[in-house]
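Structure, as structure tokens:
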Amino acid sequence: MWRAIHRLGSPAIFYAVAGRLQPWCWALAIALLLAGSLWGLVWAPADYQQGDSVRILYVHVPTALLAQSVFVLLAAAGGVFLVWRIKLADMLAAAIAPFGALMTLLALVSGALWGLPTWGTWWVWDARLTSMLIQLFLYLGVIALRGAYTAAESGARASALLALVGVVNVPIIKFSVDWWQTLHQAATFSLVRPPSMPASMWLPLLVMVAGFYAFFVALALTRTRSEILRRESRTRWVRERVARTTGKAAR
Amino acid sequence: MGAGDADTGLATAWAATLGRELRRAGRRRGETLAPLTFFALVIALFPLGLTVQPERLAGLAPGLLWVTALLATLLSLEALFRDDHADGSLEQMLLAPQPLAALVLAKVLAHWLVGGLPLALLAPLLGVLLALPAGSYLPLAVSLALGSASLSLIGAIGAALTVGLARGGLLLSVLVLPLFVPVLIFGAGAAQAALVGGAFGAHLALLGALLALALLLAPWAIAAALRIAING
Amino acid sequence: MGAGDADTGLATAWAATLGRELRRAGRRRGETLAPLTFFALVIALFPLGLTVQPERLAGLAPGLLWVTALLATLLSLEALFRDDHADGSLEQMLLAPQPLAALVLAKVLAHWLVGGLPLALLAPLLGVLLALPAGSYLPLAVSLALGSASLSLIGAIGAALTVGLARGGLLLSVLVLPLFVPVLIFGAGAAQAALVGGAFGAHLALLGALLALALLLAPWAIAAALRIAING
Amino acid sequence: MSFRLEARGLDCERDGQRLFAGLGLSVADGDCLLVSGPNGSGKSTLLRMLAGQLPPQAGELAWCGRVLRHGARALRANLLYMGHAPGVAASLTPLETLAWYQALRGERGDDDARLAALEDWGLGEGAGIPAGQLSAGQRRRVALARLTLTSAPLWLLDEPFTALDRDAANLLEERLSAHVRAGGAVVLASHHVPALTVAMSRLALGESPRPDEVAV
Amino acid sequence: MSFRLEARGLDCERDGQRLFAGLGLSVADGDCLLVSGPNGSGKSTLLRMLAGQLPPQAGELAWCGRVLRHGARALRANLLYMGHAPGVAASLTPLETLAWYQALRGERGDDDARLAALEDWGLGEGAGIPAGQLSAGQRRRVALARLTLTSAPLWLLDEPFTALDRDAANLLEERLSAHVRAGGAVVLASHHVPALTVAMSRLALGESPRPDEVAV
Ligand code: HEM
Ligand SMILES: Nc1ncnc2c1ncn2[C@@H]1O[C@H](COP(=O)(O)OP(=O)(O)OP(=O)(O)O)[C@@H](O)[C@H]1O
Ligand SMILES: Nc1ncnc2c1ncn2[C@@H]1O[C@H](COP(=O)(O)OP(=O)(O)OP(=O)(O)O)[C@@H](O)[C@H]1O
Ligand SMILES: [Mg+2]
Ligand SMILES: [Mg+2]
């Protein structure tokens, strides 16, 4: 098990494995997203109270969940990089941070768009919304800190440390609805309770969530691979690989 | 090898200095965006600290936005001359055969272009978060654009005076905050007037007059301050 | 000439570091007093920018005081490691045969003693300006004293991460302001609760818990950040 | 007491440029090593690595045979490192600066000894004024006064002759020789070849094609 | 064209300590003056005064016979001053830095000439990367490349040999000689006595009891 992890930690091996996984992930992501969109946006019923605006749910919830998961992954990768100095972890972190920021932004925007018809305002300063906004700034900080250092290695370590410190915000987002009485909806999915939505709504939602996660995995694989190529461009295995593919093309 | 003329090529030097500043700002995008992020962050802090109802927030919005924009400008001022001083470039600029006031103006212009102007453009967006009505967006942005230019000019005097000092940042605040007060009063006044549907033209005209005055006087003051501070 | 033991004299080193910081702060009194002046000045700006009636000002006072105290702390953080880094003393501290986390804690303690603590004592005075009723002075001061200690600890992480960077000041704000939010919420919450006559004990307990957590974790994070940043 | 700092297979790459690879060296009591090389060849980088400040991309350091995890305290307790910046705070007086450096090593010391050290380096008058008001060379002398006071046996000095006048440079050369003779060790990065009265090995960076075999 | 910078009766006191009093000197085309003296004797202070940066407590400067009010432009148009800090911004590339320095004198110049100057100083490869990633000596070389490009006839250099390796120091000595031979003038503060092929006068601060009479 330990050896397997270390083997995967080698960029060359990860590059090859990810290359094989990547098309499957993309295919799965596209299939799930298509199915989920059709189901959620076309076939699922409109809400009796909210009308068609409820369909924002199918974008809002997956992006909100991803925004948090990506940060946790970012912090985990940071920890691995700082402790064991596995470069691959940092390449992964560099590859996924902008995507996490984008998801956070999308969750905020979709939430705001949804807020206008349901709460009558774009924005309120409730705990969940605020902690989500903070999350966006944490992402921006992690990204900016990496770029601010001239030495790439130091920038990577600094942003890993910040991700580790900033991860405390994730539980705050998660539990904000329980700790403070707020406007925002409490969790729908739980391991111990049945969902509080009708199945015709939460089933397509589940498909959308799965689709977004598959999309994330596919994108992470692809971006990490290109990050590997960029950073390892001078190592032997990359040069050999490039020689092989260009040789093939020449033939 | 000639003892050349003193005042040739001011245009070249001016354009090169402006270009240099913009290039430096572009090179460290993270740091250039920091005033904007700071602006947005502090605006997010106020509702958390104040715990007021949304409808009352709108009434406070122009003042909060203005005070925060002022603080963001203040913070970004500290770096205006600091690096140049540390690496010796500032000394070289003082020794250039060009009017120092002109060169300094190029630096301040660059500061406003990457700081104050984007701040003014961002303000309406944050206004949304503070439940500001749409009608007051334009006056808010215009007042901030005009006002932040004055703030950059005035603030640069303070930045120049404190450039050689460690912990200059805070001393700088203390020096320039009182000078910022007139700009704040007219600027926030314009935005507030627009909010309650009043006439904001007079406030904006006053802001413009302040800017003209600052443009006339500040460059000389900055130049003089730099010549003093360099021997700190 | 012996290859000596590794962990002798931590107490000596710790006390000397604390003493050194306090002495440095005392030597430049102007700069040490600057956070207080900033605090007072910005509090004076708000009534100008906000244009609200005095009786409504009192309701805003705890929030304004807290946000401003937070900003004052933020501003003073930048200098925490900057000079030591520039003149090479920081590098020497990293090379000392002592646990870096402990030495760093001495620096943060000094920062709080000359910054956060006086701020907490000054706050009730400024509360008078904002028409705050007398009953809420004590909870305000206590919440600020507890809270600013957490702010110093958390902020020092950001200061360490940005120490080698030019224009670190603003980036620092962007990094640490999000982390300040929980402290602000509970701190301002305590002061606000006291104002409306509610129970503020729970809030203060939470602030204390935050401080304990920060005391446990922050020194390690600061030390790690410094070791990274020194190679900037 | 005898000691030995070893570096094995150090690799250093900065911004895609290989500065050195597979560099090994060993410094023990009574050794003096001069690191030389053209500008940008990696002298400062190597000294920072030896001090445990900069983690090498590959390779390891060992102190008295025990491999060190980054910057371990066993090494630091025996080390005096002086970089390009002298480490003299502008708002403190030379006496206060020296006292702090002693305390960092857990030593109390006393002001008389510190004053004597400063006088030794020609700074008797400046001992009580903030170092910000000293000239470049005077500040460097304050830092060098640590050499007189410290009990650390291994000295890593990065261009210590910067800004020194002839007298101070002579004094420094004398002190280095005396330290090595008394069983200490010195690693020195400098463009100036000091005139020492003890044997001095040389490590030239950026010139020799294979620096691997260099050892003291 | 001929020129002459004169200083008459310069007094300098810092923190109650008299560094020099009634100091007079004169530098004209074809002159080279080495300012030497122990640490803290006032070399840097004197150079800053000659550049018009630091107003003297007493005395005056004259350029080509005309007395200068502090830092007047007639002097600055003909001056290249280089202090302890090299004046190379960390976030700009050497090429950009040089272009700015040319523009400050109102000259456009072109990148080919700048690249040639950098190559001259052994920095061909580093020309396009931010200077923050260069070593101490490399940054100093960027500053020195200004000497190749500038048209200013009077150079004031404060310890220009700092951090330079042997090659660069030789090159600098060569350049200084050539400049003086071509009718320029150089004032140099340094602890290192450069090997020039032209006549060099010396001004020793802090040693001779009456430095008033020194003149070139
Ligand atoms: C800008 C405003 C908003 C933000 C930042 C936001 C944020 C979030 C976050 C972070 C989650 C994930 C919760 C978790 O991890 O368990 C979430 C879920 C959800 N949000 Fe929002 N939200 C916003 C507005 C809204 C609005 C206006 C509505 C509808 C009235 C809404 C309804 C929901 C629902 C139904 C869920 C799913 C709850 C669950 O299954 O856990 N949100 N939101
Ligand atoms: N900023 C300052 N404030 C007060 N006094 C100063 C300041 N800078 C230098 N001095 C004093 O002026 C004197 C001369 O300093 P200066 O830097 O000119 O010496 P220097 O000859 O260049 O020495 P070095 O060889 O060390 O560079 C010193 O004794 C110093 O104490
Ligand atoms: N912070 C940094 N980031 C990236 N690269 C750096 C950094 N500092 C130095 N370098 C690179 O590392 C190489 C070695 O630098 P180093 O400072 O070790 O040289 P040096 O031998 O001490 O030179 P000098 O004689 O000029 O002091 C240089 O080529 C430089 O470009
Ligand atoms: Mg070096
Ligand atoms: Mg000097």
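The chains referred to below are lettered A, B, ... by the order of the sequence lines, with proteins before strands, and numbering in each begins at 1. Hydrogens, waters and symmetry mates are skipped; everything else that's a heavy atom, side chains included, is used.
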(request) Could you look at Leu164(D) and say if it's the side chain, the backbone, both or neither that has a heavy atom under 4.5 Å from chain E? (result) both
(request) Mind checking the NE2-OG1 spacing from His84(E) to Thr162(D)? Nearest 0.5 Å is all I need. (result) 11.0 Å
(request) Could you grab the distance from atom OG of Ser36(E) to atom CG of Asp165(D), nearest 0.5 Å is fine? (result) 10.0 Å
(request) Side chain from CB out, backbone as N, CA, C, O: work out which of these in Ser44(E) comes under 4.5 Å of a heavy atom of chain D, or both, or neither. (result) neither
(request) Look only at the side chain of Asn39(E) and the backbone of Ala163(D), and say whether a donor-acceptor pair between them is shorter than 3.5 Å. (result) yes
(request) Taking all non-hydrogen atoms of both residues into account, name the closest pair between Gly40(D) and Ser135(E) and its distance. (result) N-OG, 3.1 Å
(request) Look at Glu125(E), Arg166(E), Arg141(E) and state which one has the largest set of heavy-atom pairs under 4.5 Å with chain D. (result) Arg141(E)
(message) Need one label for Gln138(E): side chain, backbone, both or neither, based on atoms under 4.5 Å from any heavy atom in chain D.
(response) both
(message) For Arg139(E), which atoms come within 4.5 Å of any heavy atom of chain D: side chain, backbone, both, or neither?
(response) neither
